[in-house]
Structure formats: C-alpha cells, structure tokens
Amino acid sequence: MNRTNSSWTYIFSVDSTACESSGQVTNLKSQLSSLERGNVELRRQINELSMKLQIAGQGKDETLYKPGPFGTVKALRTNPTVTPDESVNPRLAKILEEVAVKKELIVALANTNVREMLEVWFTNIKRVGIPNYLVVALDDNIESLCKSKGVPVYRRDPDEGIDNIAKTGGNHAVSGLKFRVLREFLQLGYSILLSDIDIIFLRNPFDHLYRDSDVESMSDGHNNMTAYGFNDVFDEPSMGWARYAHTMRIWVHNSGFFYIRPTIPSIELLDRVAGHLSREPKSWDQAVFNEELFFPSHPGYEGLHASRRTMDIYLFMNSKVLFKTVRKDAQLKKLKPVIVHLNYHPDKLERMKAVIEFYVNGKQDALRHFPDGSE
C-alpha cells in the first residue's frame, strides 16, 4: 500500500526497546511477513474473481453493470489475461515452465558491458532466496557466465535486427530491446517483473505487488507529490482574471523496473514502444514508454487503454530518494526497501556495493561519503 511520510513516522515512532526480548522482535517480524503474504493471496483471489465476472458479463447480462448506491461504484481495473500460445516459442516455453513460480518471474537483459553489475545483481537475488528469475543473455560471454554460476539463462535465436545492438549497445540501446524481447513472454502467458541490472534486491518483490493493473511500475519521483501526481498551477499574468491554469503533473514511470501482466493492452504497449523506437531510434525508451502509457486519445492519435499503478517509492526505491532523503532521515533509514534502483547515478557499481554494505551488512556510514547527485 502507498504510505505517506507521516505514516512512516508513526510506524517508526515505536521504540524497539519496548520489546522485552529479541525473540519477541523476531516473532513480530514473522507475523508481519505472514500477514503480507496473506494480503498478496487475497489480492490475487480478488483479481481472479473480478476477471471472471468481467468475462462472464460481456454481452450477456446487463444487470451485471447496474450501478449501486452513491459511493459504492468501482470500475474493473484488471484486464483478463491472454490465452497462452506455446507455438510462439516452444524452447522458451519449456524454460519458463521450469523457472517461473505461479506464472511469474523476474527477467533482465544483459550483455558483456554490464558483466560486473550483473554478478552483483544475481548474487543478491540468490541471497534473498528468490527462485524465479531469468537472464536473457545478449552475447556468448554472458551466457557462459550464467551457466557457470548456476543462473537461469535464455539465449534468443539469432535475429540480426536485435543482435547488432545486443552485442555492442550501451545501456539505453540495450534497454530499448526489452520491449521486443518481452512480447514472447507475455504471449506465453507469463507475468514479467522486468529488472535493469543496476538494482539491488533486498526482499522478495512478489510479496509486495498488487497485480490489479496491466502495468505496475516504480517511479522516478522523489516524494509523494512527484511520484503520485499533483495539481501544478500555471501562472500567466497577461490573462488577467484567468491567469491561473491548473495542470496535472507526475514524474515518469521507470522503464527499468516494472511488472507487466499478459494482457492485450500490455502487449499493445510493448508493440507501440518497439514501433516508436524503430521509427525514431534516437529516442529514449523511458520517455517513449511513458508517452505511450499516459498520452490520451486526441485528434489524430488513439491512446492506449491500459491500466497502471505506481509502486510505493519507499519500498521500490530509486537512488534519488535514497541519497537525497532516506539516508539523512533517522526514521526512514530504519526502513528496509524491497529494491534499490541506482538509476539516478552514473557511478552505479560503487553505489550498488555501498547499498549492500548499508542494508545487508549493517555498515551505517556506507552511504555517507557519496554526493546527493553526480559530480
């Protein structure tokens, strides 16, 4: 659930010394973890029932759509999943059947340029105990590395259009490939948690997803306003009485960490982004991802009808939130996020290691010497 800063303050106002023993603390943590897993399962069941109701009611019984009393009406947000088609890629289907848990898995694309970061990435996934993850190797070096380390790996069949970028491309170029690569995963009926390599996993993310939207993405926002949206008033004094115009603003969804369900709107999103990037190869994939996801229909343009959710910025944390806010706040520092994405900083590997020192090894000054931004 989304939490305001004030609610976090309330949570952390409880002094751990009030607990009589470390055993009580462990017991409370265990209870909290059990409740979180229970909430995840309840949300999954609600989503399944909503989809069944939606499918059952299409064109059959108008009474299913009769609105209730004021304040009780709530539209369906969860689109039904596509029918899996294993003929799309039988080899990949076999791999996913072995790796996925409940038709879900983490997927990352990597080439030799990010080899060292990749090792940090999958080492932390193993440490947390996440079994359902897969590396899409974009060259021989990464494929060999993964096999030698016991990391689930998939190497695509040769494709000249993708392979040229995959072998030599930088971060942004490789990042743009995922929208073409992920399509087959969705066609096979799997929900994918797409992850960039500059991410540290500290908890299992599948315990913290809502699964009620086509796309559930972390935010580049650095506080509640920028992450979840706010009313931004534009001032144009020359207009006199009408000088103030209200606009809605929200920081973009991060295209390096998002959960995408196998629905028709999700596949259309991937197709739109991939098509846009092929027509305008110098475009930034994250900008295109958000344009396709957010821009409404208007004359000459038909918008995408996909549901979306913004992840909690203190659980799915970007590096601006961490280095500008969290590390300086005595209460927020006590929170253990699910992941930390080093997306705002170019010295990624060094900061990734520092995040591990701070959150995993308990070194309280591990983050102190870094500047807020980049130098």
Side-chain angles (χ1 to χ4, degrees), residues 2-17 19 22 25-26 28-30 32-33 36 106 108 114-130 133 171 193 195-208 218-224 226-227 251 254 256-257 311-375:
N2 292 336
R3 301 169 171 88
T4 62
N5 288 337
S6 60
S7 64
W8 283 124
T9 302
Y10 173 78
I11 290 170
F12 292 119
S13 66
V14 179
D15 191 341
S16 62
T17 58
C19 296
S22 60
V25 174
T26 301
L28 288 171
K29 288 182 178 178
S30 176
L32 177 61
S33 178
E36 287 178 339
I106 299 168
V114 295
R115 178 187 173 113
E116 195 171 356
M117 283 197 295
L118 176 64
E119 291 196 62
V120 176
W121 181 85
F122 64 63
T123 297
N124 276 274
I125 286 181
K126 289 182 176 182
R127 179 186 53 76
V128 173
I130 303 169
Y133 69 101
N171 285 346
L193 184 56
S195 173
D196 277 354
I197 300 303
D198 57 340
I199 288 175
I200 298 296
F201 287 79
L202 299 167
R203 299 158 72 183
N204 191 327
F206 294 107
D207 293 338
H208 302 275
M218 73 171 293
S219 172
D220 269 5
H222 53 90
N223 55 28
N224 287 348
T226 55
W251 264 228
N254 190 286
F257 192 86
M311 292 175 171
D312 188 314
I313 61 171
Y314 294 108
L315 294 181
F316 298 91
M317 191 182 296
N318 65 57
S319 55
K320 184 174 182 178
V321 172
L322 175 60
F323 285 97
K324 286 204 69 176
T325 304
V326 170
R327 67 168 174 170
K328 302 174 184 178
D329 188 293
Q331 301 300 328
L332 291 175
K333 282 173 68 175
K334 297 177 183 178
L335 167 69
K336 188 176 184 179
V338 177
I339 62 114
V340 175
H341 188 179
L342 283 301
N343 58 314
Y344 268 101
H345 298 89
D347 50 338
K348 297 179 182 298
L349 184 59
E350 187 180 358
R351 292 190 189 237
M352 288 173 74
K353 292 178 179 178
V355 167
I356 296 169
E357 287 295 316
F358 181 77
Y359 284 111
V360 178
N361 299 329
K363 188 177 179 181
Q364 293 301 302
D365 62 348
L367 305 176
R368 190 171 300 164
H369 71 280
F370 292 97
D372 287 354
S374 56
E375 294 180 333

Short side-chain donor-acceptor distance under 3.5 Å, His345 and Ser374: no
Contact summary for Ile313 and Ala227, nearest pair of heavy atoms: CG2-CB, 3.3 Å
Val326 side chain reached by Leu335 side chain, heavy atoms, under 4.5 Å: no
Heavy-atom side-chain contact between Glu350 and Lys353 under 4.5 Å: no
Sidechain-backbone polar pair: Arg327 side chain, Leu367 backbone, donor-acceptor under 3.5 Å: yes
Spacing of OH belonging to Tyr314 relative to OG1 belonging to Thr325, to within rounding of 0.5 Å: 6.0 Å
Met117/Val114 under side chain to side chain contact (heavy atoms under 4.5 Å, CB included): CA gap, chis, key distance, verdict: CA-CA 5 Å; Met117 283 197 295; Val114 295; 3.9 Å; yes
Between Phe370 and Phe323, ring centroids under 6.0 Å: yes
Tyr133 side chain near Ser195 side chain, heavy-atom distance below 4.5 Å: no
Interatomic distance, Met218 atom CE to Met311 atom CE [nearest 0.5 angstrom]: 8.5 Å
Intermediate values then yes/no, side chain to side chain contact (heavy atoms under 4.5 Å, CB included), Lys333 and Lys328: CA-CA 8 Å; Lys333 282 173 68 175; Lys328 302 174 184 178; over 6 Å; no
Close side-chain approach of Pro337 and Asp312, heavy atoms under 4.5 Å: no
Any side-chain donor near an acceptor of the partner, Asp198 and His341, under 3.5 Å: yes
pair Lys363-Phe358: side-chain heavy atoms closer than 4.5 Å: no
Pairing of Lys324 and Asp329 as salt bridge, 4.0 angstrom limit: no
Note, Arg127 side chain near Leu202 side chain (heavy atom, < 4.5 Å): yes
Spatial distance of atom NZ (Lys320) from atom OG (Ser219) [nearest 0.5 Å]: 10.5 Å
Pair Glu119 + Arg115: basic N to acidic O under 4.0 Å: yes
Pro205 versus Ile106, closest heavy-atom pair with distance: CG-CD1, 4.2 Å
Closest heavy-atom pair and its distance - Ala366, Glu357: CB-CB, 3.6 Å
Carboxylate-amine/guanidinium proximity below 4.0 Å for Asp196 and Lys348: no
Close side-chain approach of Ile200 to Ile339, heavy-atom, < 4.5 Å: no
Ile197 CD1 to Leu349 CG distance, which is reported to the nearest 0.5 Å: 12.0 Å
Side-chain heavy-atom pair Asp347, Leu342 within 4.5 angstrom cut-off: no
Interatomic spacing from CG in Asp207 to CD1 in Ile130 - rounded to 0.5 Å: 9.0 Å
Minimum heavy-atom distance between Val340 and Leu322, given as atom pair plus value: CG1-CD2, 3.9 Å
No-hydrogen, no-angle side-chain donor-acceptor test under 3.5 Å, Asp220 and Asn254: yes
Main-chain N/O of Asn223 paired to Thr226 side chain as donor or acceptor, under 3.5 Å: yes
Asn124 CG to Tyr359 OH distance, which is reported to the nearest 0.5 Å: 13.5 Å
Whether Phe201 and Trp121 hold their rings parallel, tilted or perpendicular, with breakpoints at 30° and 60°: perpendicular
